[in-house]
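See structure below.
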Protein chains: 2
Amino acid sequence: MATRPRTYGQRCGLAFSLDLLGERWTLLILRELDRGPKRFGDLLEGLDGIGSNLLSARLKSLQEAEVVEQVILPPPVSSPAYGLAERGLKLQPILEDLALWGFELIPDLDQSPELTTKATWAAMSMKAAMDRNPTSPPEGIFGFEVGAENFWLRVSDGESILRDGPPPFEPDAAIRLSGERFFGVASGRLALADSQAEIRGDLPRLEALLCTFRLPE
Amino acid sequence: MATRPRTYGQRCGLAFSLDLLGERWTLLILRELDRGPKRFGDLLEGLDGIGSNLLSARLKSLQEAEVVEQVILPPPVSSPAYGLAERGLKLQPILEDLALWGFELIPDLDQSPELTTKATWAAMSMKAAMDRNPTSPPEGIFGFEVGAENFWLRVSDGESILRDGPPPFEPDAAIRLSGERFFGVASGRLALADSQAEIRGDLPRLEALLCTFRLPE
DNA sequence: CCGGATCCGTAACGATACTG
DNA sequence: CAGTATCGTTACGGATCCGG
């Protein structure tokens, strides 16, 4: 039949949201796209475990629901990619709230080392905590190079965005360090001065940023 | 094996939230419990389509995760029921945000009459919109009897709660009307005066309430 | 009758192979 | 690189059964 299988069939906002977003992997796809447009292969890698057929199906549904749209990356690359549509952008604070709720329940690293760890995922919860913190962070563009991962954070006009990849402009401050040390600094266990981090640019501003951009709780 | 099947295995707040809450029906169970403790049979009815085996399994997982807890209803009933634990209460604003996001995407009644409709589900989105409205609603306890459904709303100290069932105290104002007329009034298409509603108590306060407690968008 | 547990057919998912 | 096709496995849906 034409109607989608296994929907809840209820005239309820939450149930309808889940009809669109509640299947396995869907919200994690939006999590990846939340950090900027990504190509099919990038998504496959960041989701690790999803089959290419499922990813394809999910992207199709999300486009039909106008939550995700295909975008064309700027001409040097010129390859097809996916990004959040306007309707998808509205989900951003909800994803962040859910990320904060779950973050404090994650078992410690020594208790469950089998979990795959990425600094950029932690950075999403850090940004969420920062946005909800009454003390406002310093403005600017900040670059992070954590192990092999690159991401950057922009704070301006009280708004903040987090993106994967190297910063598109020269950042106000940039930091490079290992994953382990990044988590040490982000949790406050390790002082920035002791972290052997390679830092470029405005060090005081970076230090001020790290007072609010840190692991929550 | 001991580890739960089909978890994402990622050290990410969102992924971990979904490991606990992302399976089918789970968030809808929390939606039902959000309006007060419910017994197994009440949940089966409100979810319509879930199998009793699945409901049982979900309740077990949610209790293990300390999101839901068993409660004993007060002595006249004295039967076992389920309610939100403290950790589950923290999800309430997130469920409301998701409900608001999905609400405006629900097709109109004439376009999809096959969706099952309950006034209490709509009331959840109405409460969510009210809580997020800068103009604050009047305080008090308000009873609703919509068709065969009963629910009540309490506003005090800028907090509001919505519960199924008849109000436990004499409400400041109470209204009884058909489902169709309820939706007419809630959407603003139908004036309260023309709704043939049976009203008890403080009419002006009820009218003031309905200025913010209404269908969003 | 209420609160579940058991069983089985079907739909969704996971892994891999394949194509343009 | 970006998807499609195929197929074995797992979870869900619906019914039935069981104990208080």
Side-chain angles (χ1 to χ4, degrees), chain A residues 1-10 15 18-29 32-33 37-64 68-83 116 165, chain B residues 1-10 15 18-29 32-33 37-64 68-73 76-83 114 116:
Chain A
M1 54 178 167
T3 86
R4 303 195 353 158
R6 275 201 206 176
T7 57
Y8 292 111
Q10 298 180 350
L18 294 172
D19 281 342
L20 299 179
L21 311 172
E23 292 177 301
R24 190 162 164 77
W25 293 111
T26 303
L27 287 183
L28 292 191
I29 292 172
E32 293 301 304
L33 297 182
K38 290 205 161 42
R39 293 178 305 169
F40 193 88
D42 300 331
L43 289 171
L44 270 184
E45 184 199 7
L47 295 172
D48 181 48
I50 194 176
S52 55
N53 53 350
L54 257 206
L55 177 56
S56 179
R58 292 289 184 271
L59 287 171
K60 203 165 296 178
S61 318
L62 286 169
Q63 286 176 82
E64 280 172 18
V68 162
E69 60 191 6
Q70 266 186 301
V71 300
I72 311 294
L73 292 183
V77 214
S78 224
S79 83
Y82 300 90
T116 69
Chain B
M1 53 177 167
T3 85
R4 305 195 354 155
R6 276 201 205 174
T7 57
Y8 292 111
Q10 299 180 348
L18 294 173
D19 282 342
L20 299 179
L21 310 172
E23 292 177 301
R24 190 161 164 77
W25 292 111
T26 303
L27 287 182
L28 292 191
I29 293 171
E32 293 300 304
L33 297 182
K38 290 206 162 41
R39 293 178 305 170
F40 193 88
D42 301 330
L43 289 171
L44 270 185
E45 183 199 6
L47 295 173
D48 181 49
I50 194 175
S52 58
N53 53 351
L54 257 206
L55 177 56
S56 179
R58 292 291 184 269
L59 287 171
K60 201 165 297 176
S61 319
L62 286 170
Q63 286 176 81
E64 280 171 19
V68 162
E69 60 192 5
Q70 266 187 300
V71 301
I72 312 293
L73 292 183
V77 214
S78 226
S79 83
Y82 301 89
E114 79 282 5
T116 70

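Each chain gets a letter, A, B and so on, in the order the sequences are listed, and its residues count up from 1.
- A donor and an acceptor atom never sit less than 3.5 Å apart when one is taken from the side chain of A:S52 and the other from the base of D:dA2.
- Residues satisfying the side-chain hydrogen bond (donor to acceptor under 3.5 Å, both in side chains) test with A:R58, not counting sequence neighbours, are A:T26.
- For C:dC13, the OP1/OP2 oxygens have a side-chain nitrogen or oxygen of A:R58 closer than 4.0 Å.
- Look at CG on A:L54: it is 17 Å from P on C:dA11, rounded to the nearest Å.
- Atom C1' of nucleotide D:dC1 and atom CG of A:L59 are separated by 15 Å, given to the nearest angstrom.
- Of the two residues near DNA chain D, B:R24 and A:D42, the one whose nearest nucleotide lies more 5' is A:D42.
- Tested against B:Y82, the residues B:E32, B:E69, B:Q63 include a single side chain to side chain contact (heavy atoms under 4.5 Å, CB included) partner, B:Q63.
- Of the two residues contacting DNA chain C, namely B:N53 and B:F40, the nearest-nucleotide position lying further toward the 5' end is that of B:F40.
- Taking atom CZ of B:R6 as the reference point, atom C1' of D:dC12 lies 10 Å away to the nearest angstrom.
- In this structure, B:L47 places its CG atom 14 Å from P of D:dC12, rounding to the nearest Å.
- Nearest heavy atom pair, residue A:L62 against residue A:I29, reads CD1-CG2, 4.1 Å.
- A straight line from CD of B:E45 to P of C:dG3 spans 12 Å, rounded to a whole angstrom.
- At least one side-chain nitrogen or oxygen of A:W25 sits closer than 4.0 Å to the OP1 or OP2 atom of C:dG14.
- Considering only side-chain N and O atoms, B:K38 lies nowhere under 4.0 angstrom from the phosphate OP1 or OP2 of C:dG3.
- In this structure the side chain of A:F40 reaches within 4.5 angstrom of the side chain of A:S56, judged on heavy atoms.
- A:D48 has its CG atom 12 Å from the P atom of C:dT16, to the nearest Å.
- Between the B:R24 side chain and the A:R6 main chain, a donor and an acceptor come within less than 3.5 Å of each other.
- In this model, the phosphate group of C:dG3 is not approached by any side-chain N or O of B:K60 to a distance below 4.0 Å at OP1 or OP2.
- Between D:dT9, C:dT10, C:dA5, one nucleotide has an atom nearer to the side chain of B:S56 than all others, and that is C:dA5.
- Protein atom CG of B:L55 is 9 Å distant from nucleotide atom C1' of C:dG4, rounded to whole Å.
- Look at A:Y82 and you'll find a side-chain N or O under 4.0 angstrom from OP1 or OP2 of D:dG3.
- Atom CD1 in B:I50 sits roughly 13 Å away from atom C1' in C:dG4 (whole-Å rounding).
- In the set D:dG3, C:dG4, C:dA12, the nucleotide with an atom closest to the side chain of A:Q70 is D:dG3.
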